[in-house]
Amino acid sequence: ARETLGLDQNESDKTVIKQSYRKLSFELHPDRFEGSPEEQEAAAERFGRVKLAYEMLSSGVRQDGVSWYESLGGRARTEFKGPINLLPLAAAQEQMTRRNAEGGLQGIDKDLIQTFVARNLRSAS
């Protein structure tokens, strides 16, 4: 997340993080960015990553090892501490067919997975 915002890995000053986010979001916002359609699409995608990075760093997940859910007064729903094994969609479909299992499969965006894992690792430590 810090790399996406152009920050040092050790940067934790919320003011610096917010300034970097505001600068990048101002430059990349879809309503402001001027360029070819391909450049606009790339800027919109990068804008989404910048927004997600800022949300991760400012959400409180990294404070005192408390998850976002717990910071709102909730308690941890599970004590799961195991590894997360994600299968490619084709491999998951093969396993479900082989085991005659019923259910649905959906592909997931790689950035979403990385965010989920990062948030859960931070809240578990």
Problem - Heavy atoms of other groups near Glu11 CD, more than 12 under 6.0 Å - result: yes
Practice task
May I ask you to test the Arg46-Leu24 pair for a side-chain heavy-atom distance under 4.5 Å?
Solution key: yes
Exercise for the section: Check whether any side-chain N or O of Asp13 sits under 3.5 Å from a backbone N or O of Thr15 as a donor-acceptor pair, and report yes or no. Expected result: yes
Completion exercise
CG of Leu52 to OG1 of Thr4, rounded to nearest 0.5 Å, is 8.0 Å
Fill in the blank from the handout: Closest heavy-atom pair, Ser25 versus Arg22, reported as atoms and distance to 0.1 Å, is OG-O, 3.2 Å
Exercise for the section: State, yes or no, whether a side-chain contact exists between Gln9 and Glu3 at a heavy-atom distance under 4.5 Å. Expected result: yes
Handout entry: Joint cluster assignment, Tyr54 & Val16, ILVMFWY side-chain distance < 4.5 Å
Key = yes
Practice task
Nearest 0.5 Å please: distance from the CD1 atom of Ile17 over to the CE atom of Met56.
Solution key: 11.5 Å
Practice task
Look at the rings of Phe47 and His29 and say which category their plane angle falls in: under 30° parallel, 30 to 60° tilted, over 60° perpendicular.
Solution key: perpendicular
Problem - Rounded distance (nearest 0.5 Å) linking atom CG of Leu28 with atom CD of Gln40 - result: 12.0 Å
